[in-house]
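Note that ligands are numbered from 1 as they come in the structure, with each ligand's atoms numbered from 1 the same way.
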Amino acid sequence: MAENGSIKKIAVFTSGGDAPGMNAAVRAVVRACSYNNVQVAGIYRGYQGLIEGDIEELSARSVNHILQRGGTFLKSARSADFRKKEGRKKAYEKLNSHGIDALVAIGGDGTFTGAFHFNKEFDFPIIGIPGTIDNDLYGTDFTIGFDTCLNTVIDAVDKIRDTAASHNRLFFVEVMGRDAGFIAAHAGLASGALAVMIPERHMSIDQLLERLSDARRHNKSSSIVIVAEGGESGDATRIAKEVQERMPYYDTRVTILGHLQRGGSPSCFDRNLASRLGVAAVEYLIKGERDSMVGIIDRKVVLTPFEKAISEKLQLNPEIIRISDILSI
Ligand code: F6P
């Protein structure tokens with residue numbers, strides 16, 4: 001552990017897919033540094049910007065009025081160069097030349113995999129903050145951006161439901177989540193979807209058809225099926241085509257929500273989560289912690305080693321699916 005006072009300058013960056021609330025997290029890191037008399041710098045475009053030395057000194061005032069803004073003012077990127085040892089060496093040199101002695105990395109599992117390797121090679125203090133709409137990180141109940149994304153998705157599905165009901169149509173709505181079904185499952189429950197197709201619980205087309213037949217028997221004239229983009233049961237367009245062929249009396253439509261799920265002003269929940277985690281990350285670095293992700297589990301701030309955060313899988317709460325199934329009758 002580093003001694004108190006040995007961290008003089010911290011740099012913060014955002015990496016991977018952006019998420020609403022990343023700005024709030026950067027603000028919290030910058031202001032917590034100022035509060036603790038630690039210098040702070042912002043690295044633009046994640047690891048790629050670090051390799052290229054795209055670094056700027058920040059102050060408490062540099063982060064005025066960003067709490068409520070979506071996206072990330074530090075920009076984000078997925079860096080192929082940082083996956084190579086040579087790229088990581090350049091990054092280390094840039095950190096030294098800027099007098100930076102610790103990092104706060106805001107992102108998802110790709111970001112933390114990079115941080116894990118970097119720490120192994122250069123023994124450099126890094127704390128990660130989970131920022132991704134996917135919510136697929138072990139070591140925290142919620143990631144920054146997930147709640148805002150869910151609100152965006154249910155707002156869209158509510159609107160789709162209006163037109164679905166007017167035309168007695170069956171809609172397949174594809175949502176993001178990469179290989180995980182958190183967005184689909186939670187948004188499915190909150191929007192009253194007839195079914196959710198997620199990688200964590202594979203539903204075959206036959207099972208889906210059975211559910212649709214039941215819905216017809218129960219006089220449902222329109223329905224929404226939420227499809228997670230990843231896994232065997234992903235691809236709303238393919239599923240809709242198969243259902244249309246086997247149930248020609250249905251008038252089916254597909255909506256792929258896409259990147260609109262990543263935008264927008266962060267919700268109250270995400271702003272507060274980001275603020276708590278940003279301050280915690282700085283406090284942990286000052287205390288000498290490193291090589292870990294900060295998260296909140298059961299309302300308490302906790303640290304999880306990067307190795308564990310990237311190798312273990314956060315389990316989707318089966319209760320979400322069970323309740324959804326009961327209510328879709
Ligand atoms: O990880 C966040 C995420 O939005 C995933 O849900 C999605 O699969 C992916 O990023 C899309 O990445 P890109 O913006 O590079 O197309």
Any idea which heavy atoms bring R211 and L194 closest together, and the distance? NH1-O, 3.1 Å
Is the shortest N/O to N/O distance between I133 and ligand 1 below 3.5 Å? no
If you have a sec, work out which protein heavy atom is nearest atom 9 (C) of ligand 1 and how many Å separate them, to one decimal? R178 NH2, 3.6 Å
Would you say the side-chain atoms of Y44 and E56 include a donor-acceptor pair closer than 3.5 Å? yes
Give the residue, atom name and distance (to 0.1 Å) of the protein heavy atom nearest atom 8 (O) of ligand 1. E229 OE2, 2.5 Å
Below 4.0 Å from any atom of ligand 1, is there a heavy atom belonging to R78? yes
Taking every non-hydrogen atom, the tightest pair across G188 and I226: CA-CG1, 4.0 Å
Would you say the ring centroid of F146 lies under 6.0 angstrom from that of F269? no
Please report which non-hydrogen protein atom sits nearest to atom 16 (O) of ligand 1, along with the residue it belongs to and the distance in Å to one decimal place. H259 NE2, 3.2 Å
Whether E283 and K287 form a salt bridge (side-chain N of Lys/Arg under 4.0 Å from carboxylate O of Asp/Glu) is what I want to check. no
Identity and distance of the protein heavy atom lying nearest atom 4 (O) of ligand 1: R262 NH1, 2.8 Å
Is it true that the NZ or CZ of R88 lies under 6.0 Å from the centre of F124's six-membered ring and within 45 degrees of the ring axis? no
Touching ligand 1 at all, G177? Heavy atoms, strictly under 4.0 Å? yes
In this structure, atom 6 (O) of ligand 1 is nearest to the protein heavy atom D134 OD1, 2.7 Å
